[in-house]
Protein chains: 4
Amino acid sequence: MSRKEREREFKRSEILSAALELFAAKGFINTTLDEIAEKSEFGKGTIYNYFQNKEEIYTAIVENVFNDFLQNFRSIDLSTVTFREFTTQVIRFMFSYCFNNQAAFKVMAHKRLEVIGDTPHPFSDNIKKVSKQLNSIQTRKLEKAIENGEIKGTDSQKLIALIRGTVFSYIHHEMVCSKVQNINIDEETEYLTSIIFNGIINPAERK
Amino acid sequence: MSRKEREREFKRSEILSAALELFAAKGFINTTLDEIAEKSEFGKGTIYNYFQNKEEIYTAIVENVFNDFLQNFRSIDLSTVTFREFTTQVIRFMFSYCFNNQAAFKVMAHKRLEVIGDTPHPFSDNIKKVSKQLNSIQTRKLEKAIENGEIKGTDSQKLIALIRGTVFSYIHHEMVCSKVQNINIDEETEYLTSIIFNGIINPAERK
Amino acid sequence: MSRKEREREFKRSEILSAALELFAAKGFINTTLDEIAEKSEFGKGTIYNYFQNKEEIYTAIVENVFNDFLQNFRSIDLSTVTFREFTTQVIRFMFSYCFNNQAAFKVMAHKRLEVIGDTPHPFSDNIKKVSKQLNSIQTRKLEKAIENGEIKGTDSQKLIALIRGTVFSYIHHEMVCSKVQNINIDEETEYLTSIIFNGIINPAERK
Amino acid sequence: MSRKEREREFKRSEILSAALELFAAKGFINTTLDEIAEKSEFGKGTIYNYFQNKEEIYTAIVENVFNDFLQNFRSIDLSTVTFREFTTQVIRFMFSYCFNNQAAFKVMAHKRLEVIGDTPHPFSDNIKKVSKQLNSIQTRKLEKAIENGEIKGTDSQKLIALIRGTVFSYIHHEMVCSKVQNINIDEETEYLTSIIFNGIINPAERK
DNA sequence: CATGAATGAGGTTTCATTCAT
DNA sequence: AATGAATGAAACCTCATTCAT
């Protein structure tokens, strides 16, 4: 990459990070281009030299997050054997990613819910692709675990969704409701994993 | 209530139910007052005789749902003893409520996520109150269960949030992603409860 | 038509006539909606209660003029026998129409030229239809005249276009370049017809 | 002219010819400077080293065409005696010029109509001068023809405008409406001249 | 009470022009 | 001289809200 290109890339990312914070704080629709322009310290017109429209800014942000997820899921996939190990690592990664990158988490949360209703921003093809890949990594790992008896056999899609939702909700709660600032990642990971795997029941009670 | 008042109440609810469907389908911002007026078969101006502004329509809808929840949680609270019984009933209620009332669920889902970001529609005082009551019912039940050893002892707030999120995510997945139309409530309730209480691990593996 | 409808129709025509003058004076693109709003003494938003967008205002104007033309061409068609009579009447009508309605003429002139280039406002289906009807009236009349020897036989399309262009140009010149305010319609009609039919040559010179 | 100056002149003409095609295809307003820059293979900023603004590019193009016309009208003026000879040559020249240079014709057509409306691009002083010269050549020739009985005596300005408009309209029709690609210039010239001079009437009918 | 025409603030987007490199 | 990133004025259009009927 030439200097020019690097500079351009840098400015593009400046805009993205200004937009990310705004989207996270106020949602897509409530964020105006004027605000993005002001926050990124560019003129309003300049933004349009980097993105075709407001939508594209949003898509770029979401794609970045999805890509980060994919990359990490892949490496976790390779470095773990059991589904429990895999899930523990995934949860740890998500805690760490989301808390270091709260704005990204919030945008993802919005995105998740957008599926509801007449999807205002249909997933871009790229996002769909990455999303499928993410899913297939989890599914493959889970199905292997079911085969070898680690996990109770059931509809794997349902279980994946359930785990994902649980993790998401938990982070959402810690970040948004409790407004926890400093979390103990190891502890939280351990706690959440244990509940997903063993449930909330008191082990002493189990027959 | 006089006839006049009943009539007024009826018309108000007509507007609310039109708005509910629209909000569920398109979200708050993407729904226009023109659409609400058309769907409810009132003039646009008339709506303003019943609600001060668009926001208030939304709030009224959410309050209705919260009230339904509160009422049902209360009766479930009274009619159950163990936390597992309680949770089973709560899950059954939520499945049934959400699938009979998908629009309400979707609005709630939007609402949940709206918490993210700087107060798009701040919770009304009434909603906050009901919300607290809901929480306290669950909390009380859970803490009793921890005391008598049914449930592993932990931060009860966290656990409540976790359960709520799990249930929500699961319904969300079934309704939105899988687009399941007819669910077997008993089966789903049983499945979800079992996972929450016992986890996903294969019981045979447990030592 | 109810009073309401008549009122609506009246206001619509108020907007159209404000827009007509502006389009005539400055062309379509150089006229802003703010100007139309100001000139018609409505709010900007109000305009959008009557027309979907700026384009539609323009189209409505052009359609009106085309319809006026069609109506008049039809009645002239019925009330004349020879092509010369027909042409004389058509020219007289056009003089009178265009000078009483200079703005309309100017918009039509713009419209004619728009055919050039990547036609920004493609003719609406209705305009195309009317345009064809206008053309077929003229063509039929001309072909009859060729058959019975009144007119030299040639490509009738070409001749129609030629006559139309000549009349148009002449009016254009009188109105725009000479800025004639009061024309003697009978005289002008006679002059133009005579040139179209007999040419510019001095009859004494004809062999 | 030094080499530097010649080089500069060359680049200027490169820009003009790129702009000419674009203006012809899309009109002045719908052509952006970005497009001119891209088509002329210069940077956008460079264009501003050669022209003060977009307007000036347009004016320069029109001036070029007017100058071409003037030059040719002059030589035709010198090489012909009768008004019919003169007109025939002028028509032939215009056919040939316009069909070899369709873009120029289209720009001129736009320009002609622009006169309509309150001066969108006021004629530059130079254009006005050339325009007057063109006019005076035609006028002088015509008035001589009227004097010596070739042409019916009338308002010569009117007649000049009429002829010009007729020729223009005819070319416009052939080029734009019929989209004729290869015209037989001799034939068309003969046809058009004959109609201008003798009219459309069947000579046999003339008394 | 019911209505819907009128409103205008506020949103996104375009593009001629400037200016630092 | 050549460049193109940066700019912001100005365009079109939407829609919550008001208000006269």
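Note that the coordinates shown come from a computational prediction; the quantities given were computed from them, not determined experimentally.
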If you check the [X] side chain, which of [options] turns out closest?
{"X": "Lys54(C)", "options": "dA6(F), dC15(E), dC13(F)", "result": "dC13(F)"}
{"X": "Lys44(B)", "options": "dA6(E), dT12(E), dA1(F)", "result": "dA6(E)"}
{"X": "Tyr50(A)", "options": "dA6(E), dA6(F), dT13(E)", "result": "dA6(F)"}
{"X": "Tyr48(A)", "options": "dT17(E), dA2(E), dT12(E)", "result": "dT12(E)"}
{"X": "Thr32(D)", "options": "dT3(E), dA16(E), dT17(F)", "result": "dA16(E)"}

* **Contact under 4.0 Å: Thr46(D) side-chain N or O vs dA1(F) OP1/OP2** => no
* Any side-chain N or O of Arg8(C) under 4.0 Å from OP1/OP2 of dG4(E)? -> no
Whole angstrom value for the distance that separates [atom2] of [N] from [atom1] of [X]:
{"X": "Ile47(C)", "N": "dT7(E)", "atom1": "CD1", "atom2": "C1'", "answer": "11 Å"}
{"X": "Glu56(A)", "N": "dT13(E)", "atom1": "CD", "atom2": "C1'", "answer": "13 Å"}
{"X": "Leu33(D)", "N": "dT18(E)", "atom1": "CG", "atom2": "P", "answer": "11 Å"}
{"X": "Ile29(C)", "N": "dT14(E)", "atom1": "CD1", "atom2": "P", "answer": "15 Å"}
{"X": "Arg12(D)", "N": "dA2(F)", "atom1": "CZ", "atom2": "P", "answer": "14 Å"}
{"X": "Ile57(A)", "N": "dT13(E)", "atom1": "CD1", "atom2": "P", "answer": "9 Å"}
{"X": "Glu35(C)", "N": "dC12(F)", "atom1": "CD", "atom2": "C1'", "answer": "13 Å"}
{"X": "Phe51(D)", "N": "dT18(E)", "atom1": "CZ", "atom2": "C1'", "answer": "18 Å"}

* To do: With the side chain counted from C-beta on, respond yes when Lys4(A) and Arg8(A) share a heavy-atom pair under 4.5 Å apart, and no when they do not.
  => no
* Would you indicate whether the side-chain heavy atoms of Ile36(A) and Lys39(A) approach each other to under 4.5 Å? =>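 No. Closest side-chain heavy atoms not under 4.5 Å.
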* Keeping the roles fixed (side chain from Glu5(C), backbone from Ser2(C)), state whether a donor-acceptor pair exists under 3.5 Å. => yes
* Distance-only, no hydrogens or angles: does the Lys54(A) side chain make a donor-acceptor pair with backbone N or O of Thr31(A) under 3.5 Å? ->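 Yes, Lys54(A) side chain to Thr31(A) backbone: donor-acceptor pair under 3.5 Å.
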* Would you mind telling me which residue lines up with the more 5' stretch of DNA chain E, Phe42(C) or Asn53(D), judged by nearest nucleotide? => Phe42(C)
* Could you check Arg3(A) against Gln52(D) and say which one's nearest nucleotide on DNA chain E is further toward the 5' end? =>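 Looking at DNA chain E, the more 5' nearest nucleotide goes with Gln52(D).
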* Decide yes or no, distance alone: a donor-acceptor N/O pair under 3.5 angstrom between the base of dA6(F) and the side-chain of Asn49(A). => yes
* With under 30° as parallel and over 60° as perpendicular, where do the rings of Tyr58(A) and Phe23(A) fit, or are they tilted in between? -> perpendicular
* For the residue pair Phe42(B) and Tyr50(B), does the interplanar ring angle fall in the parallel (under 30°), tilted (30 to 60°) or perpendicular (over 60°) class? ->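 Ring orientation of Phe42(B) relative to Tyr50(B): tilted.
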* Structure fact -> Which of Glu56(C), Glu63(C), Glu55(C) passes side chain to side chain donor-acceptor pair (under 3.5 Å) with Ser124(C)? Answer is Glu63(C)
* Asked: In dot-bracket form, how is DNA chain E paired, counting a Watson-Crick or G-U wobble pair only if both its distances are under 3.5 Å and using | for bases paired to another strand?
  -> .||||||||||||||||||||
* Hey, which sits more toward the 5' end of DNA chain F by its nearest nucleotide, Asp34(B) or Gly45(A)? =>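 The residue closer to the strand's 5' end, by nearest nucleotide, is Gly45(A).
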* Asked: Is any NZ, NE, NH1 or NH2 atom of the basic residue among Glu35(A) and Lys26(A) found under 4.0 Å from an Asp or Glu carboxylate oxygen of the other?
  ->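 Between Lys26(A) and Glu35(A) there is a salt bridge, with a charged N closer than 4.0 Å to a carboxylate O.
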* To do: Looking at every strand, decide which applies to Lys11(D) at a 4.0 Å heavy-atom threshold: base, sugar-phosphate, or nothing.
  =>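 Touches sugar-phosphate only.
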